[in-house]
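Working notes for the structure below.
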Amino acid sequence: MLLESVAADGFRNLDGKFSCGNGLNIICGNNGHGKTNWLEAIHLLSTTKSFRTARLSEAIRFDATTAIVRGEVRQSGQIVRTIQVILEGNTKTLTVNGKKETVQNYMGQLYAFVFNSDELEIVRGSPDSRRRFLDDGIVSIFPPFVQTLSDFNKVIRQKNKLLQNARKDETPANKVEALLAPWNEQLVSLASRIHKARVRFVERLNEVLERKLFDREELSIRYVSSLEGKGDLDDYESLIAERLSLRTQAEIYSGYSLIGPHRDDLEINFDGREMRKFGSSGQQRSALLSLLLAGVSVFHEQQDEYPLFLIDDIDAELDYRRIGKLLEYLDGKTQTFVTTSKESFVEKFGVDARVIRVAEGLPTGES
Amino acid sequence: MLEYSEPVARLIDEFKRLPGIGQKSAQRLAFHVLRLPEERVEDFVEALRQVKEKIVFCSSCNNLTDVDPCQYCSSPSRDRSMICVVEEPYNLVAIEKTRSYKGLYHILHGSLSPIRGIGPDELMLSNLFPRLSTDEEDGEEVKEIIIATNPTTEGEATANYIARLVKPLGIRVTRIAMGMPVGSDLEFVDEVTMDKALSNRHEI
């Protein structure tokens with residue numbers, strides 16, 4: 001997949017169109033002129049989501065009623081498709097070659113991995129960011145997993161409500177157990193699918209993870225189930241069923257579902273120490289890059305195509321040594337888009353790149 | 001200040017309470033009513049009143065009916081050894097359209113959802129169990145319960161809850177299959193359904 005050009009109208013402060021290079025694309029301009037907005041537009045085209053906001057209506061320019069982002073995507077050889085995301089109020093319309101498509105049919109035209117300061121939460125934030133990293137990665141190669149996740153979350157919400165009601169109404173234990181059983185039964189099967197998918201995904205990441213690409217210390221990752229040490233994880237289904245029945249009282253007492261993959265984590269270590277606690281901010285950035293690159297490799301293994309790689313504010317987030325290694329690694333693989341406000345960056349890395357200069361949201365020149 | 005005179009505003013408000021009707025549709029409907037001849041409006045009002053007056057729940061299966069017991073429960077040609085459990089009366093209609101199911105029904109009028117405050121007591125479930133004992137007047141034994149609740153987490157929970165209560169009575173409990181729509185091309189099936197259809201495959 002190759003994004004040949006991208007156009008925007010009414011999306012934040014953007015207006016106009018630019019064509020993209022096959023390799024490195026540098027979006028360059030002063031702060032506040034819309035570099036990141038272009039990156040966000042490309043991300044929107046690739047994933048139908050923003051990396052900045054869950055409320056896409058915020059991305060419509062204040063004096064416009066609709067925002068349009070359009071891209072021309074070369075699938076392979078001669079096939080070029082025009083894909084478009086139209087935002088109007090709270091509705092999002094997706095089209096491929098001018099025809100309206102469902103999210104499921106739209107997805108898969110393009111896919112992007114993104115590196116920015118928010119994504120750093122994966123290495124230094126709470127476990128839910130790391131679970132989301134794994135789940136997004138699994139969905140990128142196995143879309144039906146979306147349904148498993150959504151069903152699991154629904155079951156957990158229903159079960160939490162049931163537990164809270166039971167605590168409030170002081171429902172007798174045997175009655176609570178009868179009410180919990182149908183939800184726990186679904187939880188067991190959905191949790192097992194999630195556990196299996198995540199364990200397998202981490203295995204695949206581990207197979208391709210570049211452990212020392214950026215730093216001397218060796219990077220390692222491991223999926224940590226919250227049921228670790230409680231029994232045989234290879235027979236997860238029986239284990240979680242057993243834990244659920246053992247812990248019913250504790251669940252009623254706390255009013256929350258205590259057992260399941262929503263309590264799991266991805267452990268990220270360097271030389272055996274925990275990255276989240278002991279890593280320097282540079283080491284944490286290296287770790288995130290390595291994880292994303294592993295995600296890119298798994299995606300490529302599965303789809304036989306490379307996704308896009310987006311890096312916001314590249315020289316603020318990474319030093320020139322790391323940037324050099326990263327760009328060298330990505331060269332010949334992904335189509336890469338980076339933003340920078342520094343001319344010195346363009347001089348150093350822009351030799352074989354396409355440089356897009358942005359002022360007031362408009363692309364003013366390409367070279 | 002109201003944009004419309006009070007009777008019109010009130011009618012628009014009433015239409016807006018209906019499912020699937022927003023401000024614009026409500027206005028259109030209200031103005032349509034204003035243009036109707038008097039007697040059409042009377043007919044409409046009468047139809048609304050009658051549906052509330054005459055329609056009751058079937059005392060046996062909870063179907064909506066104007067005669068109790070309903071046409072399915074009272075029909076001598078239905079197979080009394082099977083009861084199909086559905087969430088809503090329109091689910092019954094969908095199954096009836098197949099013309100291949102000849103058993104009886106039981107309508108729950110909902111599915112388990114703690115979030116929406118719906119527990120087993122809020123469903124019309126308790127009157128299923130007297131139907132399962134053989135000493136009913138017609139004397140025929142119920143041999144199978146087919147659970148046809150929706151393939152959602154709520155529908156699954158409901159199915160599971162009922163199965164746990166019915167199975168100990170020695171009655172066969174089955175769940176309708178989920179998967180491919182018949183007559184459509186494989187390429188038009190979404191991935192989630194396809195995935196489900198693959199995992200529920202059977203030998204031929």
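Letters go in sequence order (proteins before strands), and every chain restarts at 1.
Asn160(A) places a side-chain N or O within donor-acceptor distance of the main-chain N or O of Ser257(A), the cut-off being under 3.5 Å. In this structure a side-chain-to-backbone donor-acceptor pair under 3.5 Å is present from Tyr101(B) to Cys84(B). Of the possible polar contacts, none joining the Asn62(B) side chain to the Leu108(B) backbone as a donor-acceptor pair under 3.5 Å is found. A distance-only check finds no donor-acceptor pair linking the side chain of Thr91(A) to the backbone of Leu87(A) [under 3.5 Å]. A donor-acceptor contact shorter than 3.5 Å is absent between the side chain of Tyr306(A) and the backbone of Leu2(A). A donor-acceptor contact shorter than 3.5 Å links the side chain of Asn91(B) to the backbone of Glu88(B).
Residue-level contacts of residues 153-166 of chain B with chain A, in order of numbering, are Thr153(B), Glu154(B), Glu156(B), Ala157(B), Asn160(B), Tyr161(B), Arg164(B); threshold 4.5 Å between heavy atoms. Heavy-atom proximity under 4.5 angstrom to chain B picks out Ala178(A), Leu179(A), Ala181(A), Pro182(A), Trp183(A), Glu185(A), Gln186(A) from residues 177-196 of chain A.
With a threshold of 4.5 angstrom between heavy atoms, Phe145(A) does not approach chain B through any atom at all. At a 4.5 Å heavy-atom cutoff, the contact between Asn165(A) and chain B is made by side-chain atoms alone.
With no hydrogens or angles considered, a side-chain donor-acceptor pair links Glu144(B) and Thr174(B) at under 3.5 Å. Side-chain atoms of Glu305(A) and Tyr111(A) include no donor-acceptor pair closer than 3.5 Å. In this model, a donor atom of one side chain and an acceptor atom of the other lie less than 3.5 Å apart for Ser113(B) and Gln158(A).
Within a 6.0 Å sphere centred on CG of Asn90(A), heavy atoms belonging to other residues, nucleotides or ligands number 12 at most.
Checked for salt-bridge contact, Glu207(A) and Arg204(A) miss the test: no charged N lies under 4.0 Å from a carboxylate O.
The candidate with the highest count of non-hydrogen atom pairs below 4.5 Å against chain B, out of Lys161(A), Gln147(A), Gln164(A), is Lys161(A).
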